[in-house]
Amino acid sequence: MIGLSRYRQPTGERLRSPGVLFWRRFKTNQAALWSLRFLALLALIALLSDFLANDKPLYARYEGHTYFPVLLEYGEKLGLASWPEGLTADRWRTLEYDRVLWPPIPYAANTLDNANMNYRSPFGAQRVPSWRYRHWLGTDKIGRDVAAGMIAGARIALLVGFIAMSIAASLGIFLGLIAGYYGDRGFQRSRAWLLVVVLSLPLALFWMVVAIRGAWQQTFGDFYLLMGASLLVGLLAVAWLLYQALSLWPFWRKKIILPLDTLVMRLIEIFQSIPTLLLLLGTVAVLSRPSVYYVMIIIGLLSWPTLARFVRAEVLKIRRLNYVEAARALGYSDRRVLWRHVLPNALTPVFIALAFGFAGAVLLEAFLSFLGIGVAAEQVTWGQLLQMSRNSFSAWWLAIFPGLAIFSTVLAFNLLGEGLSNALDPER
Amino acid sequence: MMWFLLKRLLWFVPTLFIVSLLAFGLSKMAPGDPVEAYYSSASSLQGGTRIDLETQEALYAETARKLDLHLPPFYVQLRSAAYPDTLYRMLHRERRRAVRRLIAQYGNWPAIQEYYRKAKGQYLKSDQLPDSLRAVLLPQWRRLLQADSPGQIRSRLRKMKNSLPPGAAEDIQSGLQGVAAAWQVVADNPKPQLLYVPRLSWLGWNNQYHRWISGFLRGDFGVSLVDGRPVQNKIWDALKWTLTLNLAALFLAFGLSIPLGVFSARFRGYKRDRLLSLVLLFFYALPSFWVATLCLVFFTSPEYGMDWFPTLGPSSFRELGDHFFGRLLRLAWHLTLPIFCLTYGALALITRQLRGSMVEALRQDFIRTARAKGLPEARVLWHHAFRNALFPLITLLANVLPALLAGSVVIEFIFNIYGMGTLTVQSIFAKDWPVVYAVLVITALLTVLGIFLADLLYAWADPRVKYTSP
């Protein structure tokens, strides 16, 4: 106990964890710090977008009753509440209230202000009852408020980045992890295991497809789901039995080495030599019902290779470290070593790749909605707002503001990524 | 070395195979009936005369044959035993889709086949009816053939029964009843369990994919559904513009970024370096389609008093005039903005990378030695450091090429230049799938070639690289 003070550093400063040191280095980078603040603000705007720009009041006193229409709308969408008698969703805009509190921007992204159609400039004359209803960033051709559109666009942009990166991260981390950890020689399974997997995996997939497709068509929906589920359970049992039976023969017990690293790297190579943008265009164009959510999923499915590369490189380093060796020497299973010891330490570079990937996803979505491919026409996004400026060159506000939003978001993510990688590796 | 490159080339085969599979599969899933698109583009020239249904169906089949749609789609097929192997012979896309959906629900193909045959017979027969009755029944039958859910089918049959005039001919009534009865058989005897029996079947070499890919390898990419022109001609016309744009942008980007990168590395940490880095970072993050839109809005319209460049792109090389210099000048007038928009991003990327590797190179011992020898700074920079910093530039060349191609999609679209990008986007809007997926495969090919080129250049630039397997 007496010797404890020796563990303090000579300067008297206490030993800091790597996380604290990382944060300290990061904090010295002003650009990255401000990017982080900007992105936090943007996330806040995206989260609260319904309270910032809405064509319903936040609070209203009408004919002796008190309403919270914005909250009510959430309830209505979730099926928890319904609109009061005679007050349907589209009526709130025109009512005469006793007392009312409007959101800062009293328009939703899709509200059509018929009095201000045909591109009203932010600085020009607008036909509004008072400054409270002014379109601060102008309107578009059909009278939608651009400021409200920008706020809705922020939500979409961040959602695209978030969902796409979640998909890309889960795929990329998994593949990078197994490729880096097992390498070309580490993954050994018996012949019986391989045979059973090769036989049963396609069958399971096939049945899943049949069951899901049948369940969609409602005629015998329950039958399909039940049949599919019971078949899958049966398959599992049969596969296990088969595996046990085969394992009785020494021939089937013989181990085979699967070169996981090579397989994953080839897959990455293939994905990286496909032109992402054109594949995205070609895939999105096929969808019969365009939706920004499909776009998110497809972007995610296309952008995992970079992450997998990062993780693999990191795991290659980590798996030679002493504590991993120690964990293995203690006889822990591969799964435990991977999840508890390797993965947490391999995650730092993932954050860097995620920051850059986020920027890329935001850009791709803006690009697609700019072209008007794959994103539903009524969805207001930054790219779609920008696109509208091409129809009327006089509407400069449609060219400036959405583009500025895309630019600053992409820049902030890039600066953040840069800051993270500098803080991680100050030598560079 | 040769061996490595050969191996590398071989590795591109699976990549291209997968890309071709993806492109083909997507083109099959794409919405819209190719036969109708092609047929309407071809027949719009002849003027509309009314033709009877039999001929219409025959024409449809003939067009489908012309587009190879009468062949099985792929070599093998994995599907439920409930589906017949020969479903692809049903040429009409929408009806095939409807039948496939029916099978996916009921699983009893023989009964469905019977129902479908009867309904189709009635459909063809209703063309012979007197005009008033024909106008009522024909569209109903047509829609019935495309109906894919029991509810739809039942309501169509009921509607038809109700719309029959009381004195309708005997055979129409009995025909309708026959179809309804056949449908009842389908609905009463479902065999959904059959759907869970998988079946793998071999459909032969003579299939759509085989024809498509072997045509592709011969340089025949099929015909456009919009105007019936060979796809390769359309792509070739567009490729000229894309290559002009991209090569110009590539030369400019590399030509400018090499001196900039070396300069910035030389003055690392100075104010001018930091300023340049900041500017380049901004350039890097500036989305090119925003810059292009801004350029378009402000510099090509009289709205803001800066109408300096044309709004529309040049339509063909020939239109630019006869005189060589006049042509060049006019081309430059058209392409200045697009090339600028393509260049600045690549410029930023290349300069940043080069700066990094130059800084690395300038730290090396041999640079100190060179300086200690009293060599002039320029020689140290260009001869000793730059040659060692070339490496990442080569990798970049492989990366920049596809990036430029992709970037030029939107730049061309914005500035109305009829290159590959505009062609792709317009073809997507027009549902002209053969063009879209040919472009996808060709771009993948170009990307792969770029990577291969980078490998070659690597070996050339750095004699230490010996491509032998360890």
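This one's a predicted model, so the numbers in the text were calculated from it and none came from an experiment. Here is the naming used below: chain letters follow the sequence lines, and residue numbers restart at 1 for every chain. All values below come from the heavy atoms of this structure, side chains included, with hydrogens, waters and symmetry mates left out.
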- Query: Where does L286(B) contact chain A at under 4.5 Å (heavy atoms): side chain, backbone, both or neither?
  - Reply: both
- Query: What class does the angle between the rings of F370(A) and F289(B) fall in, given that below 30° is parallel, 30 to 60° is tilted and above 60° is perpendicular?
  - Reply: tilted
- Atom group of L231(A) that falls short of 4.5 Å from chain B, counting heavy atoms: side chain
- What residue, out of I373(A), L203(A), L415(A), has the most heavy-atom pairs lying under 4.5 Å from chain B? I373(A)
- Message: Nearest 0.5 Å, please: how far is CG in L386(A) from CG in L404(A)?
- Response: 11.0 Å
- Part of A359(A) within contact of chain B (heavy atom distance under 4.5 Å): neither
- Item | Selection from P198(B), P31(B), A30(B) maximising heavy-atom pairs under 4.5 Å formed with chain A | P198(B)
- Query: At a heavy-atom separation under 4.5 Å, does F407(A) approach chain B through its side chain, its backbone, both, or neither?
  - Reply: both
- For Q105(B) and D148(B) the tightest heavy-atom approach is NE2-O, 3.0 Å
- Please flag which part of L22(B) lies under 4.5 Å from any non-hydrogen atom of chain A: side chain, backbone, both or neither. side chain
- Message: As an exercise: rank Y437(B), F413(B), F429(B), W11(B) by heavy-atom pairs under 4.5 Å with chain A and give me the winner.
- Response: W11(B)
- Message: Can you see whether T15(B) engages E269(A) through a side-chain donor-acceptor pair at a distance of less than 3.5 angstrom?
- Response: no
- Item | For R154(B), all residues meeting salt bridge (charged side-chain N to carboxylate O under 4.0 Å, His left out), sequence neighbours excluded | none
- Item | Whether W207(A) and Y196(B) hold their rings parallel, tilted or perpendicular, with breakpoints at 30° and 60° | tilted
